[in-house]
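One-based numbering, in listed order, for ligands and for the atoms of each. Computed from a predicted structure; not experimentally measured.
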Amino acid sequence: MTELPSRRLMLVHAHPDDESINNGATMARYAAEGAHVTLVTCTLGERGEVIPPGLRHLSGAALGGHRLGELREAMRALGVTDFRLLGGAGRYCDSGMMGLPDNDDPGCFWQADVDQAAGMLAEVILEVRPQILVTYDENGGYGHPDHIRTHRVAMRAVELAAGAGWDVPKVYWNRVPRSVAEESFARLHGDLAELPFEKAGAVDDVPGVVDDAQVTTAVDGTAYAAAKAAAMRAHATQITVAEPYFVLSNELAQPLFTTEYYELVRGERPGSRESDLFAGIGDGEAS
Ligand SMILES: [Zn+2]
């Protein structure tokens with residue numbers, strides 16, 4: 001096996017674009033600081049709504065292929081070279097929004113056998129041996145079936161890997177502190193007239209918003225704001241960026257966070273808020 005850097009961070013996401021929106025600044029920062037950053041994406045987002053009119057003819061596998069190209073470009077922007085599709089590109093397809101008949105597609109990730117998918121992810125964990133794994137909370141942040149499935153598969157894979165020789169010391173869920181979301185939306189409402197967007201979203205539309213006390217970790221990625229914005233722009237079918245804001249296909253403007261927030265759910269909860277995902281990782285865990 002090739003020698004990996006001593007600090008290794010893995011992120012598990014549902015669709016191409018989720019990594020850049022949630023963790024773009026974190027990924028760029030740790031990659032620049034010499035950590036090994038691994039992204040595992042579970043589907044190609046074949047059922048995503050396409051924003052640019054010139055690309056709306058894309059759907060299904062053609063959209064998935066296009067989004068894989070967007071993901072490559074985003075990873076270039078973030079300086080991340082190790083990114084994979086769970087089980088290989090096209091193994092699981094996008095399940096569509098909750099409640100749609102798409103959810104019954106036998107090839108979709110919502111229908112995936114959790115243990116089977118988790119077994120494939122556990123193999124990647126055993127190969128990379130990350131000290132840190134980042135994913136969503138049990139609601140997938142906002143209730144999308146692929147995000148909920150990603151959560152279950154990632155948490156199960158951590159258990160399976162622990163039983164097979166690599167116990168991931170720290171697992172985090174993506175979070176946004178309520179006070180940060182409220183301040184950001186207040187600023188957004190003030191700026192809206194100047195923006196290329198018509199409408200503003202609301203605090204509770206932001207995935208992972210929780211009471212401040214629940215947030216254990218804040219990673220300041222301000223120095224990597226440009227890389228994060230470039231990565232988000234690379235996902236042009238899904239995102240329109242006007243820094244420090246962006247819209248998805250629902251056209252509701254929301255803040256682009258360059259400090260990214262987390263809740264530690266495996267590992268010893270810190271007494272005060274950490275500023276580094278690797279805080280407390282000793283040399284013994286770094287091999
Ligand atoms: Zn997603």
dist Leu11:CG -> Tyr172:OH (nearest 0.5 Å) comes out at 12.0 Å

We want to know whether Asp276 and Tyr30 form a side-chain donor-acceptor pair, criterion being a heavy-atom distance below 3.5 angstrom.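 Indeed, the side chains of Asp276 and Tyr30 share at least one donor-acceptor pair under 3.5 Å.
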
Is [X] close enough that one of its N/O/S atoms sits under 2.8 Å from the Zn ion (ligand 1)?
{"X": "Asp18", "answer": "yes"}
{"X": "His147", "answer": "yes"}
{"X": "His13", "answer": "no"}

Does atom CD (Glu49) have a neighbourhood of more than 12 heavy atoms from anything else shown, all under 6.0 Å?
no

Answer yes or no: does atom CD of Glu251 have more than 12 heavy-atom neighbours from other residues, nucleotides or ligands under 6.0 Å?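 Open: at most 12 neighbouring heavy atoms sit under 6.0 Å from CD of Glu251.
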
query: Which is the closest N/O/S atom of His15 when seen from the Zn ion (ligand 1)?
result: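 His15's closest N, O or S atom to the Zn ion (ligand 1) is named ND1.
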
